[in-house]
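Working notes, structure below.
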Amino acid sequence: MAGAGLHPYHQPWAAPPPPPPAAAIAVENPNRPSSDEVRTIFISGLPEDVKERELHNLLRWLPGFEASQINYKGEQPMGFALFTMAQHAMAAKNALQDLVFDAETKSVLHTEMAKKNLFVKRGVVNDSSSFDQSKRMRTGGDYTHAGYPSPSPFHPPPAPVWGGHGYIAPPAPYDPYAGYPVAQVPMPPPTPVPAPSGYAPIQNNKDNAPCNTLFIGNLGENVNEEELRGLFIVQPGYKQMKVLRQERNTVCFIEFEDVSSATVVHQNLQGAVLTSSGRGGMRIQFSKNPFGRRKDSVNGAAPDGNGTPTTYQQ
DNA sequence: AGCACA
């Protein structure tokens, strides 16, 4: 098989984490990063007009992501992203390497491990219960009662929190990244992946809200369905695929386990070129409608008037 | 740019 070459995004997730010194193990919680470990990546190749929000929205899906920041002082914007652990940072570095960030400006990302960790403004990162009231967040409107007696029993708002400068991710209460490979354990080399023959910049001006289904466009009219399937079936979270042949176009829908895995593929395979599609790179968008059963009424939206009151409480 | 199936 000719396709058994290296896929740029499927390099073996390099460098297994060096074992911490034995002394450290006894004292430190293994789930916490050892203090001197660099777990920040440096991102260059960003377009000049990049917004911190844009970078954050790209990074927030990556496992272990904690915060990002852009330094605009130099000639080109320099991005930094902090992760929980060095492995996360390594994985993210690999996942983002050579990613087409913006086809319009032809920006291709280049990533390296940073020299030192991104400094995150106080609070926020580690303690999920701490609710920093001293620093008012722009998002929080109601602050009317000064002597608020009880700390909120609820989790902090789901929206990304402004840390004044840079973007800080809320601590993840769950793991939305099932299926995104992070090297916890030394991983076997990935199964031979039918690599795309390359990547081409594509225009993807319009997209839909993220969902678990991807829409693949710009496939040639006689794209080989097996090549197509081979590319996606190995992606973490893949569930099923549906190919739709149209007049001059072939499009295709791919369902994933969850939005996260779909998003990773959306990013990683954007612009991937299949040999059988004489069309250049494929365009990946989120589907307008997610794959799945139709509006199967699970007593949804009870018709008014009979028995069940529509319980719209906040 | 082209978005189906339940």
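Numbered from 1 within each chain, the chains take letters A, B, ... in sequence-line order.
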Rounding to a whole Å, what distance do you find between [X]:[atom1] and [N]:[atom2]?
| X | N | atom1 | atom2 | value |
| --- | --- | --- | --- | --- |
| A:Q203 | B:dG2 | CD | C1' | 14 Å |
| A:N212 | B:dA6 | CG | C1' | 13 Å |
| A:I284 | B:dG2 | CD1 | P | 17 Å |
| A:M282 | B:dG2 | CE | P | 19 Å |
| A:Q240 | B:dC3 | CD | P | 19 Å |
| A:M241 | B:dC5 | CE | C1' | 14 Å |
| A:L214 | B:dA4 | CG | C1' | 15 Å |
| A:L219 | B:dA1 | CG | P | 15 Å |

- prompt: Side chain of A:R248, base of B:dG2: donor and acceptor closer than 3.5 Å?
  reply: no

Reckon [X] touches a base, only the sugar-phosphate, or nothing at all at heavy-atom distances under 4.0 Å?
| X | value |
| --- | --- |
| A:Q285 | base |
| A:T213 | base |
| A:R245 | nothing |

message: Just checking A:F253 against A:F291, ring centres under 6.0 Å apart?
response: no

task: List the atom of A:V251, the atom of A:G217, and the distance in Å for their closest heavy-atom pair.
output: CG1-CA, 4.4 Å

Non-neighbouring partners of A:E225 that pass salt bridge (charged side-chain N to carboxylate O under 4.0 Å, His left out), sequence neighbours left out: A:R245

To the side chain of [X], which of [options] is closest?
| X | options | value |
| --- | --- | --- |
| A:N249 | B:dA1, B:dC3, B:dC5 | B:dA1 |
| A:K242 | B:dA1, B:dC3, B:dA4 | B:dA4 |
| A:N218 | B:dA4, B:dA1, B:dG2 | B:dA1 |

query: Is the A:F286 ring parallel, tilted or perpendicular to the A:H266 ring (thresholds 30°, 60°)?
result: parallel

message: Please determine whether a side-chain nitrogen of the Lys or Arg among A:E226 and A:R229 lies less than 4.0 Å from a carboxylate oxygen of the Asp or Glu.
response: yes

message: Ring centres within less than 5.5 Å and planes less than 30° apart: is that true of A:F253 and B:dA4 in this structure?
response: yes

